Structure formats: structure tokens, C-alpha cells
Amino acid sequence: MKDTGKLIRLGLLAIAVVLGVGTLMAAMPEKTIEMNQLGNAAVNTAPAIKISLAGKAAPTEETKPEPVKKAKPKPKAKPKPKPEPEPEPEPEPEPEPEPE
């Protein structure tokens, strides 16, 4: 009887080991995960977000910004027509001196 109890315990231990190894094999990922080395490449260079828990202070009369006035665009002036050049006066013919 002593041998039978030891055989049963040994059999149960072997079944437990086989089930444990099978569970670990099933839980392992197919592809291993590569860990990045910490260094300059791992630093996040995105700008930080500033979180303000308190609301903005209400502007007082002294700190009120003046409203920006929108200037109306000036209408484009029509170009003035170029004055036509005055015709040059024809030179008067010089009277020929009369022969004496």
C-alpha cells in the first residue's frame, strides 16, 4: 500500500506539471515584445498641456482691452483718364522778305 500512495502522488504531480507547462505555453505571445532603451530617443518632445483648475479672473475696468474697430475698406478710386495731348500748333510760316 505504501507504494500505491506514492505512485498516485507522483502521477498527480506529473499531471500538475504538464498542465502548468501547457498553460504557460498557451499564455505566451507568438511574437516577443521588443523593449526600447531609455535615452534621448524615448523622450516625448510633444509640448506639454497646461491645465488650470481655477477659472480666469474677470477683467476689471483697468485691464479691459479696447474693442478692435474694423476699418471699412476704402472703395477703389477709378483711375483718372489720361488727358489727351493738345495738338501742337502748326508753326506760322515766316513771311519771306520782300525784294526791294
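Quantities reported herein were computed from a predicted structural model and do not represent experimental measurements. The first residue of the sequence shown is numbered 1, and numbering continues consecutively from there.
Put simply, NZ on K31 and CD1 on I33 are 10.0 Å apart, with the number rounded to the nearest 0.5 Å. The CG atom of D3 sits 11.5 Å away from atom CG of L10, with the distance rounded to the nearest 0.5 Å. Separation of atoms CG (L19) and CG (L24) is listed at 11.0 Å; rounding is to 0.5 Å.
Looking only at side-chain heavy atoms (C-beta outward), V21 and M25 come within less than 4.5 Å of each other.
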